[in-house]
Chemist: 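Okay, here's the structure, questions in a sec.
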There are 2 protein chains.
Amino acid sequence: MPDTLRQFKANIFQALAHPTRIAIVEVLRDGELPAGTIIERLGLEQANASQHFSILRAKQIVSSRKEGNQVFYSVRDPLLIEVLDIMRRYFQAHVEEAMSVLQQIDLLDKDGAAK
Amino acid sequence: MPDTLRQFKANIFQALAHPTRIAIVEVLRDGELPAGTIIERLGLEQANASQHFSILRAKQIVSSRKEGNQVFYSVRDPLLIEVLDIMRRYFQAHVEEAMSVLQQIDLLDKDGAAK
DNA sequence: TTAGTATATTAGATATTGCGAATATACTAA
DNA sequence: TTAGTATATTCGCAATATCTAATATACTAA
């Protein structure tokens with residue numbers, strides 16, 4: 001109820017409000033990985049990935065550990081994985097709607113680009 | 001794993017990535033309410049609230065029902081409430097960190113404003 | 001030292017978001 | 001019809017977010 005709590009939640013949600021960052025968290029589901037491996041598995045641009053890492057670090061979603069030349073990332077709290085799992089259930093329960101939502105967004109994108 | 005799913009999750013998170021929208025979802029926890037009541041309880045600007053409603057509708061977070069003069073909103077799926085509850089647990093498990101994160105953001109804001 | 005590898009940061013262009021003020025729409029009551 | 005109430009939409013602007021390209025930093029190996 002206090003506004004601080006909502007601010008906090010909003011912050012976490014914002015940190016997760018990007019497909020790439022969700023992908024990063026998901027790929028870390030089974031334990032830590034070096035940045036390079038994450039980048040490779042997800043097929044990301046190095047600089048772009050690093051920016052997303054930075055956001056996830058700032059919002060305390062992941063922690064990082066330096067070992068020699070590389071940086072290992074891991075998810076700080078498995079509760080977040082739980083959240084993502086609930087979202088999957090949510091998705092399964094609303095597939096058709098979900099599709100139409102994404103499609104509409106896609107159409108809007110194309111309209112926007114076409115103008 | 002498919003990118004569509006991540007897009008979908010990111011969309012939901014984005015919809016919730018604002019304290020006001022979280023507040024709206026929370027105030028609807030026990031059932032539907034007319035827009036006016038939500039606005040009153042949360043002390044929102046009418047236009048601003050309506051914009052947030054619009055976003056929550058577009059992302060299928062809430063559904064709306066018109067009755068006479070007013071519009072009743074409700075949360076579409078209680079799973080989302082569950083997500084918010086998990087976030088509360090997450091918050092409790094990380095209070096000090098959370099505080100420092102919010103504080104840092106606050107400081108940045110002030111620095112930004114001061115320049 | 002120098003070269004190479006892994007990662008982070010900065011800069012700048014573009015897109016998106018959030019807000020308040022004003023206006024529009026839909027309904028109700030007289 | 002007119003006036004009033006409830007809600008939604010539009011506009012303009014400031015703030016944020018995202019991306020790519022370029023550069024910087026930290027470490028390792030020779």
Side-chain angles (χ1 to χ4, degrees), chain A residues 3 6-7 10-24 32-59 61-74 104-106 108-115, chain B residues 6-7 10-24 32-59 62-74 104-106 108-115:
Chain A
D3 202 57
R6 274 183 249 164
Q7 264 290 350
N11 254 284
I12 306 285
F13 284 133
Q14 204 194 338
L16 295 173
H18 194 287
T20 300
R21 292 197 290 271
I22 290 178
I24 291 171
E32 65 171 15
L33 286 176
T37 304
I38 299 171
I39 290 171
E40 190 189 349
R41 285 211 198 151
L42 301 176
L44 306 175
E45 287 281 323
Q46 186 271 321
N48 190 9
S50 210
Q51 285 168 7
H52 285 303
F53 290 145
S54 167
I55 291 168
L56 291 173
R57 258 186 283 120
K59 303 287 177 67
I61 306 289
V62 302
S63 53
S64 60
R65 175 177 73 81
K66 202 162 188 175
E67 184 179 322
N69 222 359
Q70 17 190 31
V71 176
F72 286 79
Y73 283 100
S74 55
Q104 277 169 24
I105 290 166
D106 212 45
L108 286 175
D109 284 357
K110 273 165 196 157
D111 280 2
K115 271 173 201 164
Chain B
R6 282 193 287 238
Q7 265 290 350
N11 254 285
I12 306 285
F13 285 132
Q14 206 195 337
L16 295 174
H18 194 288
T20 300
R21 292 196 290 271
I22 291 179
I24 291 171
E32 65 172 13
L33 286 176
T37 304
I38 299 171
I39 290 171
E40 190 188 349
R41 286 211 196 153
L42 300 176
L44 306 175
E45 288 280 324
Q46 187 272 321
N48 190 10
S50 209
Q51 285 167 16
H52 286 302
F53 290 144
S54 166
I55 291 169
L56 291 172
R57 258 187 282 121
K59 303 287 177 66
V62 302
S63 54
S64 61
R65 174 176 74 79
K66 203 163 188 175
E67 184 179 320
N69 222 0
Q70 17 189 30
V71 176
F72 287 79
Y73 284 100
S74 55
Q104 278 168 24
I105 290 166
D106 212 45
L108 287 174
D109 284 356
K110 273 164 196 158
D111 281 4
K115 271 172 200 163

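Per chain, numbering begins at 1; letters A, B, ... match sequence-line order. Every heavy atom of this structure was used, including side-chain atoms; hydrogens, water molecules and symmetry mates were not. Owing to the predicted nature of the structure, the values given are computational and were not obtained by experimental measurement.
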Chemist: A:Phe53 CZ to C:dT10 P: how many Å, rounded?
Modeler: 18 Å

Chemist: What integer distance in Å separates B:Leu56:CG from D:dT7:C1'?
Modeler: 15 Å

Chemist: Report the distance from atom CG of A:Leu44 to atom C1' of C:dA6, rounded to the nearest whole Å.
Modeler: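 Taking CG of A:Leu44 and C1' of C:dA6, I get 15 Å after rounding.
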
Chemist: Rounding to an integer number of Å, can you tell me how far B:Leu16 CG sits from C:dT17 C1'?
Modeler: 16 Å

Chemist: So do A:Ile24 and A:Phe53 actually touch side chain to side chain, heavy atoms under 4.5 Å?
Modeler: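 Result yes, sub-4.5 Å side-chain heavy-atom pair found.
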
Chemist: Answer whether the closest heavy-atom distance between the side chains of A:Arg57 and A:Tyr73 falls below 4.5 Å.
Modeler: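 The answer is yes, as the side chains (C-beta and beyond) meet within the 4.5 Å cut-off.
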
Chemist: Ignoring hydrogens and geometry, is there a side-chain-to-backbone donor-acceptor pair from B:Arg21 to A:Ala10 under 3.5 Å?
Modeler: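 No: the side chain of B:Arg21 does not pair with the backbone of A:Ala10.
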
Chemist: Quick check for you: among C:dT7, D:dT9, D:dC19, whose closest atom lies nearest to any side-chain atom of A:Pro34?
Modeler: C:dT7

Chemist: CD of A:Glu40 to CD of A:Gln46: how many Å apart, nearest 0.5 Å?
Modeler: 13.5 Å

Chemist: Within the 4.0 Å heavy-atom criterion, would you say A:Gln14 contacts the bases, only the backbone, or no part of the nucleic acid?
Modeler: sugar-phosphate

Chemist: Roughly how far, to the nearest 0.5 Å, is CD1 of A:Ile22 from NE2 of A:His52?
Modeler: 11.0 Å

Chemist: I need the CD1-P distance between A:Ile55 and C:dA8, as an integer number of Å.
Modeler: 13 Å

Chemist: Could you write out DNA chain C as dot-bracket? Rules: Watson-Crick or G-U wobble, both distances under 3.5 Å, brackets [ ] for crossings, | for pairs with another strand, dot for unpaired.
Modeler: ||||||||||||||||||||||||||||||

Chemist: What nucleotide, of D:dA6, C:dT7, C:dG18, holds the atom closest to the side chain of B:Gln70?
Modeler: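 So the nucleotide nearest the side chain must be D:dA6.
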
Chemist: Would you say B:His52 places a side-chain N or O within less than 4.0 Å of OP1 or OP2 belonging to C:dC19?
Modeler: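 Yes, such a contact exists.
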
Chemist: Would you mind reading off the distance between B:Arg57 atom CZ and D:dA8 atom C1', rounded to a whole angstrom?
Modeler: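 It is 7 Å, rounded to the nearest whole Å.
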
Chemist: Less than 4.5 Å apart, side chain to side chain, heavy atoms only: is that true for A:Ile55 and A:Gln51?
Modeler: no

Chemist: Just how far is it from atom CD1 of B:Ile12 to atom NZ of B:Lys59, taken to the nearest 0.5 Å?
Modeler: 8.0 Å

Chemist: Rounding to a whole Å, what distance do you find between B:Glu40:CD and D:dT7:P?
Modeler: 11 Å

Chemist: Are more than 12 heavy atoms from other residues, nucleotides or ligands located less than 6.0 Å from atom CZ of B:Arg41?
Modeler: no

Chemist: Using a cut-off of 4.0 Å on non-hydrogen atoms, how would the nucleic acid contact of B:Phe72 be classed: base, sugar-phosphate, or nothing?
Modeler: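 Contact class for B:Phe72: none.
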
Chemist: Counting only side-chain nitrogens and oxygens, does B:Tyr73 get under 4.0 Å of the OP1 or OP2 atom of D:dA6?
Modeler: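 Answer no for this pair, as no side-chain N or O of B:Tyr73 is under 4.0 Å from OP1 or OP2.
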
Chemist: Give the rounded distance in Å between these two atoms: CG of A:Asn11 and C1' of D:dT16.
Modeler: 13 Å

Chemist: If the sugar-phosphate is the primed atoms plus P, OP1 and OP2 and the base is the rest, what is the B/S/- string for nucleotides 20-30 of chain D, using protein heavy atoms under 4.0 Å?
Modeler: BBB---BBS--

Chemist: Would the distance check show the side chain of B:Arg6 and the main-chain N or O of A:Ala23 forming a donor-acceptor pair, the cut-off being under 3.5 Å?
Modeler: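 Side chain of B:Arg6 to backbone of A:Ala23: no pair is present.
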
Chemist: Could you grab the distance from atom CZ of A:Phe13 to atom CG of A:Leu16, nearest 0.5 Å is fine?
Modeler: 8.0 Å

Chemist: Measure from the side chain of B:Ala35, starting at C-beta and using heavy atoms only, and say which of D:dT7, D:dT18, D:dT9 lies closest.
Modeler: D:dT7

Chemist: Looking only at side-chain atoms of A:Val71, point me to the closest of C:dT7, D:dA8, D:dT16.
Modeler: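 Selected nucleotide: C:dT7.
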
